[in-house]
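For reference, the structure discussed in these notes is given below.
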Amino acid sequence: PKRAQTMAKDTQWTKLEVLSSSENGNRGTVQFIAFYTFRGEEQMMHEISTFEKIKGKWLYVGGEVS
């Protein structure tokens, strides 16, 4: 947890590009690229996230980062 707190403090999120999204019943996916600066160095993270609709609200259930 302390490492995560340090990373969060040193990270500035700068841009989010949603590449695609889909919905199939109560399951959904979103593919995106998040851009951020970590300790002065520009970085990016590509993720395909999985969501599930529970009681009318979309909840994040997992993702694959590449």
Checklist line | Closest approach of Gly63 to Glu47 (non-hydrogen atoms, all atoms of both residues) | finding: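 That would be CA-OE2, 3.6 Å.
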Next item on the list: Compare every heavy atom of Ala34 with every heavy atom of Trp13, then report the nearest pair and how far apart it is.
Entry: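 Taking Trp13 first and Ala34 second, the nearest heavy atoms are CZ3-CB, 3.8 Å.
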Next item on the list: Before giving the answer on side-chain contact (heavy atoms from CB on, under 4.5 Å), spell out for Thr14 and Thr37 the whole-Å C-alpha distance, their side-chain angles and the decisive distance to 0.1 Å.
Entry: CA-CA 7 Å; Thr14 57; Thr37 303; 4.0 Å; yes
Next item on the list: Take Val30 and Val18 through the side-chain contact (heavy atoms from CB on, under 4.5 Å) test and state the conclusion after the steps.
Entry: CA-CA 7 Å; Val30 176; Val18 176; 4.0 Å; yes
Note to self: A side-chain contact here means heavy atoms from C-beta on lying under 4.5 Å apart; do Glu41 and Gln43 qualify?
What the structure shows: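 With C-beta onward as the side chain, the pair touches.
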Check: Between Leu59 and Glu52, is any pair of side-chain heavy atoms under 4.5 Å apart?
Finding: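 No. Closest side-chain heavy atoms not under 4.5 Å.
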Next item on the list: Just say parallel, tilted or perpendicular for the rings of Tyr60 and Phe51, cut-offs at 30° and 60°.
Entry: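 Ring orientation, 0 to 90° scale: perpendicular.
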Next item on the list: Please lay out, stage by stage, how Arg27 and Val61 fare under the test side-chain contact (heavy atoms from CB on, under 4.5 Å).
Entry: CA-CA 10 Å; Arg27 303 280 295 171; Val61 294; 4.2 Å; yes
Notebook entry, point to check: If you round to the nearest 0.5 Å, how far is CD1 of Ile48 from CD of Gln31?
Noted result: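 Rounded to the nearest 0.5 Å, the CD-CD1 separation comes to 4.5 Å.
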Check: From Lys9 NZ over to Arg39 CZ, what is the distance, rounded to the nearest 0.5 angstrom?
Finding: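 It is 9.0 Å, given to the nearest 0.5 Å.
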[X] with [Y], same ILVMFWY side-chain cluster at under 4.5 Å:
X     : Y     : answer
Phe32 : Phe38 : yes
Met44 : Leu19 : yes
Leu16 : Val65 : yes

Next item on the list: Return yes if a side-chain donor-acceptor contact under 3.5 Å exists between Ser22 and Thr29, otherwise no.
Entry: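 The answer is yes; a qualifying pair exists.
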Note to self: Once salt bridge (Lys or Arg N to Asp or Glu O under 4.0 Å) is applied, do any residues pair with Glu64, and if so which ones, sequence neighbours excluded?
What the structure shows: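 Not a single residue meets the salt bridge (Lys or Arg N to Asp or Glu O under 4.0 Å) criterion with Glu64.
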Note to self: Among Gln12, Met45, Glu42, which residue satisfies the side chain to side chain contact (heavy atoms under 4.5 Å, CB included) criterion with Tyr36?
What the structure shows: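 That would be Met45.
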